[in-house]
Q: 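Mind having a look at this structure? Questions to follow.
As the structure lists them, so they are numbered: ligands from 1, and atoms in each ligand from 1. Any value given below was found using the heavy atoms of this structure, including those in side chains, with hydrogens, waters and symmetry copies removed. For reference, positions follow the sequence shown, starting with 1. On a predicted model such as this, the values are computed, not experimentally measured, just so you know.
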Amino acid sequence: MFDKILIANRGEIALRILRAAKELGISTVAVHSTADSEAMHVKLADESVCVGPPSARDSYLNIPALLAACEITGAEALHPGYGFLAENARFAEILADHHIVFVGPKAEHIRMMGDKIEAKRTVKELGIPCVPGSDGAISGDHEAAAVARELGYPVIVKASAGGGGRGMKVARSQSELSVALATARLEAKTAFGDDAVYLEKFLEKPRHIEVQILGDGRGKAIHLGERECSLQRRHQKVWEESPSPALNASQRGHIGEVCASAMRKLGYVGLGTIEFLYEDGQFYFIEMNTRIQVEHPVTEMITGVDLVNEQIKIAAGSPLSLTQEQVIFHGHAIECRINAEHPATFRPSPGEIAYYHPPGGLGVRVDSAVYAGYVIPPTYDSLVGKLIVHGRTRNEALMRLRRSLDEFIIDGIDTTIPLFQTLVRNADIQNALYDIHWLEKFLATGGMDIAAA
Ligand code: ADP
């Protein structure tokens, strides 16, 4: 096992990794920008190194500064968390060149899954069901029109290098197709420096269901069930749960095994998430994330498996600590991502937290790095914390969520807690009757304005 690990992240995920490392008896190094010197992850780590000014580009994404921090402190491994450098294959290679262990998959797998065309081609060969679409990149309007005719409208143009919902355009008819192609290309070129795009059938009412997998790179891989993340705003997940209310045990076992088997064939190392759209009983692969995800706690709550602990142990060369048969699902878990934003307008609300009182009690977990007196800087994302509840049934989890939200006090800034207080009382949510467009429609039709009135 490692003696010392450097955590190349901030906020709640830095704290999450720090906790796992401490439980494994590993000494921790925090890095931070000048804007984060008072941050909780810095206070709780054994050592800390300032890696640059507030701008993430010059601090959390500053590879030479991170290498220097490893060198100065003698850290043998680096955990990237999510975001920042977590899915940067070149960074993983640079660390390997410096004999620092990257807590994550092989660089070749990060690169493969970062290119959506390549990812889709690979997983399809490994037996994972995909959205019908073009075979690779589309070269011109003519080819696009022919593929779209075959798929049937509507279709979606997607950037191969895409991420964060950028470089995607829907075309509902042939007349919309060339504009969709041109805009998606332009957006992709501007955002990612790569204008390769491909075409997929556009699914009208899918749910978002993703499978958590864990591999040891030596031919073993298991799945830890699925998470449903259909409640999204601007392609950002807002509310996540496990298990998905849309699946039964046999469907779960089936898609889980399809994914685990694919990862065994690939020789995948560490944690990964295989994301699907799910419509009319069918799964359609959209992408694979090669890192720990924001919503991982719901899986931990129903399996009792510490995913970050597993990640670190596998990176240190240990075999998987459990078999598929030892993964047992208990009850139901729900996570709400609480942001420093106005609950109806979503205007960011950085500033000082005047008073902070998190909820507690049976089945309640709060993953957050804030405290009373902490000033949320305007520089980074607006996640204040995650409220995760667990119950024996979905209904029990919903009741627990309702009372936990009512207990949660964060004064001094706006937060999205009132949004969740409204959602948890909504009949569609209670009956799990939603798809990936539900939340946008709810907000567009004044769902929160009515609640605020
Ligand atoms: P990104 O990496 O930019 O997040 P994804 O491929 O994961 O892109 O897609 C993001 C979201 O876009 C999905 O969660 C879904 O809401 C929508 N989407 C993507 N592909 C399709 C499709 N074929 N049909 C309908 N919606 C889609």
Q: Would you please classify the geometry between the Y380 ring and the F84 ring as parallel, tilted or perpendicular, with 30° and 60° separating the classes?
A: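 It falls in the perpendicular class, over 60°.
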Q: Distance to 0.1 Å, residue and atom name: give those for the protein heavy atom nearest to atom 8 (O) of ligand 1.
A: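 Answer for atom 8 (O) of ligand 1: K116 NZ, 2.8 Å.
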Q: Considering non-hydrogen atoms of the protein only, which is the closest contact for atom 16 (O) of ligand 1, and what is the distance?
A: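 Answer, as residue, atom name and distance: I436 CD1, 3.0 Å.
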Q: Backbone N or O of R291 within a donor-acceptor pair of the N289 side chain at under 3.5 Å?
A: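 No; zero donor-acceptor contacts below 3.5 Å.
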Q: Quick test: of every protein heavy atom, which one is nearest to atom 10 (C) of ligand 1, and how far off is it to 0.1 Å?
A: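 That would be M168 CE, 3.7 Å.
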Q: Between F329 and H223, how do the two ring planes meet: parallel, tilted or perpendicular, split at 30° and 60°?
A: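 F329 vs H223 ring planes: parallel.
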Q: Starting from atom 19 (C) of ligand 1, locate the nearest protein heavy atom and write down its residue, its atom name and how far away it is, to 0.1 Å.
A: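 The answer is K158 NZ, 3.3 Å.
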Q: What's the shortest distance from atom 3 (O) of ligand 1 to any protein heavy atom, and which residue and atom give it?
A: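 Protein heavy atom with the smallest distance to atom 3 (O) of ligand 1: G165 N, 2.5 Å.
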Q: Let me see the working for R227 and S244 under side-chain hydrogen bond (donor to acceptor under 3.5 Å, both in side chains), right down to the final yes or no.
A: CA-CA 6 Å; R227 295 182 284 261; S244 161; over 6 Å; no
Q: Considering only heavy atoms, which of L277, I286, D435 lies nearest to atom 22 (C) of ligand 1?
A: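 The option holding the nearest heavy atom is L277.
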Q: When you measure from atom 17 (C) of ligand 1 to every protein heavy atom, which one gives the shortest distance, and what is it?
A: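 So the nearest neighbour among protein heavy atoms is H235 CE1, 3.9 Å.
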Q: Is any side-chain heavy atom of L247 closer than 4.5 Å to a side-chain heavy atom of Y278?
A: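 Yes. Closest side-chain heavy atoms under 4.5 Å.
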Q: Students should be able to answer this: which protein heavy-atom is nearest to atom 26 (N) of ligand 1, and at what distance?
A: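 Result for atom 26 (N) of ligand 1: F202 CE1, 3.6 Å.
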Q: Above 12 or not: heavy atoms from other molecules or residues under 6.0 Å from NZ of K201?
A: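 It does: K201 NZ has more than 12 such atoms within range.
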Q: Decide if atom NZ of K265 counts as having more than 12 heavy atoms of other residues, nucleotides or ligands within a radius under 6.0 Å.
A: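 Yes.
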Q: If you count the atoms of ligand 1 from 1 in the order shown, which ones are under 4.0 Å from a heavy atom of Q232?
A: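 Listed by number with element: 14 (O), 16 (O).
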Q: For atom 24 (N) of ligand 1, what is the closest protein heavy atom, and at what distance to 0.1 Å?
A: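 Answer for atom 24 (N) of ligand 1: L203 N, 2.9 Å.
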Q: Pull out every atom of ligand 1 sitting under 4.0 Å from any heavy atom of I156, numbered as shown with elements.
A: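 Heavy-atom distances to I156 below 4.0 Å select 22 (C), 23 (N).
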Q: Is any side-chain heavy atom of V147 less than 4.5 Å from a side-chain heavy atom of Y198?
A: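 Of all side-chain heavy-atom pairs linking Y198 with V147, none is under 4.5 Å.
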